[in-house]
Student: 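Structure below; questions to follow.
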Amino acid sequence: MNQMSKKTVLSKIIGKKHHLFSSPFLSLPSRLLVFQMHYDVATCNFLLQSYANHKNLPEGKQLHSVMITSGFMHLPSSITSLINMYSKCNQMEQAVLVFHDPYHERNVFAYNAIIAGFVANRLPANGFQFYKRMRAVGVMPDKFTFPCVVRACCEFMEVRKIHGCLFKLGLELDMFVSSALVNTYLKFDLMENAKKVFEELPVRDVVLWNAMINGYAQIGHLNKAVVVFKKMGEEGISPCRFTITGILSIFSLMGDVNNGRAIHGIVTKMGYSSCVAVSNALIDMYGKCKHIEDALVIFEMINEKDLFSWNSIISAHEQCVDHDGTLRFFDKMLASRVLPDVITITAVLPACSYFAALMHGREIHGYMTVNGLGKNEDGDDVLLNNAVMDMYAKCGCLKNAHRVFDRTSNKDVASWNIMIMGYAMHGYGQEALDMFHHMREAQIKPDAITFVGVLSACSHAGFLRQGRSFLARMELEFGVVPTIEHYTCIIDMLGRAGHLGEAYELAERIPLQDNLVLWMALLGACRLHGNADLGKVVGEKIMRLEPKHCGSGSYVLMSSMYGVVGRYEEALQVRRMMKEQNVKKTPGCSWIELKDGLYVFSMGDRTHPELNALIHCLCGIGYLHDEVMNSA
DNA sequence: TTAGGGTTAG
């Protein structure tokens, strides 16, 4: 009988007995009697393994007490299985208590199990301490010890010492030890050491190839990672699921949909389609390559969607700038009772910011606070808190944004930029500049984005003198070279204030003039102040730019500018040009946030399944007039 | 009785 079938038979027998042993209808002494009649050490160990795999701590603990009563604790195998059970249930304190059991001498099995436990529970330093103790008391490590000990190394010198030991013990060619070694060297960014271990092995299995592929990807050498992947195929090693997820993440980073699709072909051919992690990696790849339709097909085919599946499809929508899709899938996720995590929230918050969906954003912030998601091992999760701040700021809720800002202990330059930009975009120029001064007091070095915020604050508030001064000082005093974004802010500022001549002169003077946004800002100012002559010159400049840069916005702005000053013939001429060039006006898009979600509409869009009901509802609460309802 | 890989954001 082979190992597998032995295990199957054993589990069937134990299943029946176990039912009796766990029966709530029997008193403890009776259960103990059943146990003593039918159970031996092998059965206990088998059960403990099963409890460990299912993280069934209560039954594991119960079995532990029965084992003590039955006198099984002097057996080394019981100790090892118990340590393993407690480790897998994340109870390292209990595991250590078992390890120190006074009636038992600690052998290599017990040491291996406790070191593995600490490594799996992300406490490598504790694991390494047990290895040192093991050597101190003279217990010889074996080929099972080293894969864990290598992973337990927290410093380069420790790995080097262990690596030396492997040669002394003749374990330098063991594939389990070597793959741990390769991964640990990569953890310390020591690609050359990892490569040496890999190349000196006479036989390499798929795990080792995976380690090298992921290692190159980790240090940003994506092309080299692809070369290693190809070489692996040439050497006749078939990719496993882990290889597939790794290489898919590489092609997604490269935005290489063709090779990604080729991997999709391998997935189908090798029958990996049913593996959720593989499907999730495919969704991510198609999402990052902006092929949302393919991502959706994969997503719909997953039977048991996990957190990764939802996060991948939500992020895919966000990457394809489909904010509506992002929120739709987030709602679907909640309806499927899958709880969001930090990654879900960071993907969803920008969509809330885009739609100024304050209700949605506030709910997410509440969920985050209740579940302690704003914190990580470094204290406050500054990136997540920045996303919340940005959401509140973009929704115009500056008080809440400021509250989150104040509560974030480890603010970075982005935190300050979000607040400066938030105040600037809502017309609080003075508050934005005050934030900038506080930022300097806090000795945070401003960057290019800070000055976009500061200059746009000056522009919106009409602080001409200060705006000019900031532009002059930003390079000299702060070492930030003005870019086209900064000049656009200044031109916008001068234009809004009616200093059209100065704005035009500046636009002419600066390098990289072929920037549409810059000239559009000036065109907008010409329209605002009814200066169609200068507007015409600016308009012609825009038209001379590459036609692909010239969207419908500039044509519409120009025709409207001529309209404002009564030059209708020229306005019509622009409209005719639009027709000739086949430029279509992008339809207007609007949205409304109601209690049950966000509704997005574009002009003439009648595709919403509950359009009529929604219009009735909107009329009822005074959002729409009856004529609209009648036209629906 | 004990051991080595994976996917999602910024």
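Below, read A as the first sequence line, B as the second, and so on, with proteins coming before strands; counting in each chain starts at 1.
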Student: Could you check whether R261(A) pairs with D294(A) (Lys NZ or Arg NE/NH1/NH2 to Asp/Glu carboxylate O, under 4.0 Å)?
Tutor: yes
Student: Under the rule for ring-ring contact (aromatic ring centres under 6.0 Å, His included), what residues qualify as partners of F229(A), not counting sequence neighbours?
Tutor: none
Student: Is the gap between the ring centers of Y111(A) and F99(A) under 6.0 Å?
Tutor: yes
Student: Between E234(A) and K230(A), is there a side-chain N and carboxylate O pair less than 4.0 Å apart?
Tutor: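 Here E234(A) does not pair with K230(A) in a salt bridge, since their nearest N and O are not under 4.0 Å apart.
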Student: Hey, does V276(A) reach any base, or is it just sugar-phosphate, or nothing, if we go heavy atoms under 4.0 Å?
Tutor: nothing
Student: Are W310(A) and F330(A), when compared by the centres of their aromatic rings, separated by less than 6.0 Å?
Tutor: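 Distance test on ring centres: not under 6.0 Å, no.
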Student: Would a line drawn from the ring center of F299(A) to the ring center of F329(A) be shorter than 6.0 Å?
Tutor: yes
Student: Name every residue in residues 103-126 of chain A that has at least one heavy atom under 4.0 Å from any atom of DNA chain B, in order of residue number, or write none if there are no such residues.
Tutor: F109(A), N112(A)
Student: Assign the ring pair F167(A) / H163(A) to parallel, tilted or perpendicular, where the plane angle (0 to 90°) is split at 30° and 60°.
Tutor: parallel
Student: Which nucleotide span of DNA chain B, 5' end to 3' end, has atoms closer than 4.0 Å to non-hydrogen atoms of chain A?
Tutor: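 Nucleotide range in contact with chain A: dT1(B) to dG10(B).
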Student: Looking at the rings of H64(A) and Y86(A), which for Trp means the six-membered one, are their centres under 6.0 Å apart?
Tutor: yes
Student: With syn defined as a glycosidic angle within 90° of 0 and anti as everything else, classify dG5(B).
Tutor: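 Syn conformation here, the glycosidic angle of dG5(B) being no more than 90° from 0.
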Student: Anything under 30° is parallel, anything over 60° is perpendicular, the rest tilted; go ahead and classify Y286(A) against H291(A).
Tutor: tilted
Student: Flag the pair K375(A) and D381(A) as a salt bridge only when some basic side-chain nitrogen lies within less than 4.0 angstrom of an acidic carboxylate oxygen.
Tutor: no
Student: What nucleic acid atoms does N280(A) come within less than 4.0 Å of, heavy atoms only: base, sugar-phosphate, or nothing?
Tutor: base
Student: Looking at DNA chain B, which of residues 203-220 of chain A put a heavy atom within less than 4.0 Å of it?
Tutor: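 Here the set is D205(A), V207(A), N210(A), N214(A).
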Student: For M175(A), answer base if it contacts any base atom (sugar-phosphate contacts may also be present), sugar-phosphate if it contacts only those atoms, and nothing otherwise; contact means non-hydrogen atoms under 4.0 Å.
Tutor: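 The answer is base, as M175(A) lies within the cut-off (heavy atoms under 4.0 Å) of a base atom.
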Student: If you look at every strand shown and take non-hydrogen atoms under 4.0 Å, does D390(A) touch a base, only sugar-phosphate, or nothing?
Tutor: nothing
Student: Would you indicate what A277(A) reaches in the nucleic acid, counting non-hydrogen atoms under 4.0 angstrom: base, sugar-phosphate, or nothing?
Tutor: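 Counting heavy atoms under 4.0 Å across all strands, the contact made by A277(A) includes a base.
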Student: Do S409(A) and D380(A) meet the criterion of a side-chain donor-acceptor pair at a distance under 3.5 Å?
Tutor: yes
Student: Heavy-atom contacts under 4.0 Å between residues 139-148 of chain A and DNA chain B, which residues?
Tutor: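 Nucleic-acid contacts, sorted: K143(A), F144(A), P147(A), C148(A).
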Student: Please tabulate, for side-chain N and O atoms in residues 88-98 of chain A, each donor-acceptor pair with protein atoms closer than 3.5 Å (sequence neighbours left out).
Tutor:
from	atom 1	to	atom 2	distance (Å)
K88(A)	NZ	N84(A)	OD1	3.3
N90(A)	OD1	K55(A)	NZ	3.0
N90(A)	ND2	N121(A)	OD1	2.9

Student: Is there a donor in the side chain of T450(A) and an acceptor in the side chain of D447(A), or the other way round, less than 3.5 Å apart?
Tutor: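 Present: a donor and an acceptor within the cut-off.
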